[in-house]
Amino acid sequence: MAIKKPLGDRVLVKPLEPKEVKKGEIIIPDTAKEKSQEGKVIEVGRGKMLEDGKVVPLEVKKGDRVLYKEYGGTEIKIEAEKYLILEGEDILAILK
Amino acid sequence: MAIKKPLGDRVLVKPLEPKEVKKGEIIIPDTAKEKSQEGKVIEVGRGKMLEDGKVVPLEVKKGDRVLYKEYGGTEIKIEAEKYLILEGEDILAILK
Amino acid sequence: MAIKKPLGDRVLVKPLEPKEVKKGEIIIPDTAKEKSQEGKVIEVGRGKMLEDGKVVPLEVKKGDRVLYKEYGGTEIKIEAEKYLILEGEDILAILK
Amino acid sequence: MAIKKPLGDRVLVKPLEPKEVKKGEIIIPDTAKEKSQEGKVIEVGRGKMLEDGKVVPLEVKKGDRVLYKEYGGTEIKIEAEKYLILEGEDILAILK
Amino acid sequence: MAIKKPLGDRVLVKPLEPKEVKKGEIIIPDTAKEKSQEGKVIEVGRGKMLEDGKVVPLEVKKGDRVLYKEYGGTEIKIEAEKYLILEGEDILAILK
Amino acid sequence: MAIKKPLGDRVLVKPLEPKEVKKGEIIIPDTAKEKSQEGKVIEVGRGKMLEDGKVVPLEVKKGDRVLYKEYGGTEIKIEAEKYLILEGEDILAILK
Amino acid sequence: MAIKKPLGDRVLVKPLEPKEVKKGEIIIPDTAKEKSQEGKVIEVGRGKMLEDGKVVPLEVKKGDRVLYKEYGGTEIKIEAEKYLILEGEDILAILK
């Protein structure tokens with residue numbers, strides 16, 4: 001894996017293709033609203049730096065399945081697989 | 001239910017269709033103004049992080065009927081039902 | 001009444017129609033400037049949260065007649081009557 | 001007078017028509033720059049709330065003649081007279 | 001003089017016409033860049049209010065010759081003479 | 001080398017051309033998303049100044065291979081070689 | 001020299017013409033990126049004021065050769081020579 005550590009409150013996420021989404025949990029965004037997508041957290045940065053320099057860890061951790069805003073982040077390819085580097089605030093929820 | 005925990009001050013809301021709105025409480029937004037809609041709070045995030053890292057719980061709790069800004073949030077579908085993930089500030093009021 | 005509590009520093013206001021405005025107090029906005037309108041405060045939120053998490057109560061209270069910016073807020077109807085949910089800062093002045 | 005108290009750091013001002021401006025003090029804004037106008041302070045709000053909740057009184061007081069930005073504020077009419085509700089920062093200077 | 005006191009960190013400045021600029025100091029702004037102009041400080045406000053309510057005096061004082069951003073400020077005329085009310089940050093430098 | 005020290009939290013980076021990227025680590029941005037590129041950190045500024053004046057060192061150090069936002073930064077040439085001066089927040093991750 | 005003191009964290013800079021740039025250090029910005037230029041620091045302001053009123057000196061000092069953003073600042077002419085007044089953050093790096 002090429003990514004050692006995302007910086008700040010960034011998170012490396014592997015998007016889950018619709019076929020990988022388990023039955024009974026299908027999440028399909030509607031048209032008028034902001035869209036979201038499922039993914040798996042691969043690596044997390046050290047956290048968000050507050051105004052006094054203190055660093056607060058992220059709410060998500062390695063291995064979490066998450067829902068994130070579809071149009072956020074920077075897309076990269078590692079060994080032909082698509083990954084995303086997201087800002088912490090692009091992640092909407094942790095999934096069961 | 002697929003959503004375990006909305007992040008930050010986000011809230012998972014089930015929109016209430018007009019037919020579910022009880023009589024004597026019909027809320028119909030007018031044309032010129034920002035619109036709103038009724039919903040039920042299904043799950044709440046841990047709260048809003050202040051600049052010193054302290055987390056303040058939301059004013060709404062699981063089960064509350066709320067009024068929220070119509071154009072806020074991210075729409076998702078869970079087992080064919082529509083839900084919304086809203087930012088805390090998209091919620092305008094708690095309903096009786 | 002359907003609204004139990006506006007959230008944050010929001011205020012539920014009943015707009016006063018021009019005919020309800022008492023004589024000798026007619027307030028008619030001019031064309032070039034931001035417009036305002038009179039209303040009565042029906043319910044107030046708990047107040048504005050400061051950056052340290054402290055909540056400061058609003059300057060207006062239930063029953064106050066107020067002047068507010070005409071284009072602010074979210075319009076709702078409760079039992080066929082028009083109401084507004086305003087942010088605290090949309091309210092310009094308390095009227096006598 | 002219908003206005004009891006402007007809210008926050010707002011100020012109720014009576015614009016002074018050019019004819020009321022005393023001789024030797026004529027203030028005529030040029031074309032390319034932001035324009036200003038003279039007025040008299042009728043009522044002041046309690047002041048500006050700082051981030052820690054402390055309220056700082058305004059620099060102007062009831063009765064002051066002031067110079068304010070021409071395009072700021074909300075215009076109202078009270079008993080056929082034009083008044084303005086200005087934000088504290090729309091007032092540029094106190095006049096002699 | 002009609003202006004008693006500029007408010008906040010504002011400064012009353014008398015623009016110096018090119019002919020008044022001393023020889024060997026001609027300051028002519030180029031075309032592509034933000035332009036500047038020379039002036040003389042006539043009156044200064046009490047200073048800039050910080051977030052904790054403390055007021056910090058301006059770096060310029062009455063009588064200083066200054067260089068300011070050409071497109072800042074509000075232009076006024078006092079007894080047929082042109083003056084400017086500038087924000088403190090519109091002033092770029094003190095001149096010798 | 002002409003650059004002695006980048007200022008603040010800026011970082012001097014030498015972009016790595018695709019041919020220099022090691023096998024099994026090819027990073028190719030897709031079309032719809034923000035793009036990124038690999039580079040090597042040549043020099044780092046002293047860090048980011050917080051609101052209380054304290055300076056926090058950067059997460060990256062001289063010699064790190066990093067992934068940065070493609071459209072950030074200022075491009076310079078030193079002895080015919082292309083370099084970039086990036087803001088600290090333009091750097092997305094440290095690479096292995 | 002007409003400039004006595006730049007205000008705040010501003011810096012008076014003498015741009016260096018390409019011909020003055022020493023060999024082996026030619027810095028030529030490319031087309032797609034933000035451009036930069038070399039200059040010499042002639043005078044510095046007292047520094048940046050923090051939110052608590054404390055003033056932090058600049059990282060650059062009189063005599064430093066610096067790289068700055070090409071489109072920042074205000075251009076002035078002093079005795080037929082071109083100078084720039086830059087904000088502290090327009091300066092990217094100190095050069096050797």
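Reckoned from all heavy atoms, side chains included, excluding hydrogens, waters and symmetry mates. Proteins come first, then strands; the chains are lettered A, B, ... in the order of their sequence lines, and each starts at number 1.
- Considering CG of B:L7 and CG of A:L92, their distance stands at 7.5 Å, rounded to 0.5 Å.
- Evaluation of the salt bridge (charged side-chain N to carboxylate O under 4.0 Å, His left out) rule for A:K5 yields F:E59 as partners, not counting sequence neighbours.
- Using a 4.5 Å heavy-atom cutoff, the side chains of B:M49 and A:L50 are in contact.
- Residue B:I76 holds its CD1 atom at 5.5 Å from CG of A:L67, rounded to the nearest 0.5 Å.
- Note: A:I91 leads A:L58, A:V66, A:D52, A:I91 in heavy-atom pairs under 4.5 Å with chain B.
- Here the shortest heavy-atom pairing between B:P6 and A:A93 reads CA-CB, 3.8 Å.
- Closest of all the heavy-atom pairs between B:T74 and A:S36 is CG2-CB, 3.7 Å.
- With a 4.5 angstrom heavy-atom cutoff, A:V60 touches chain B only via side-chain atoms.
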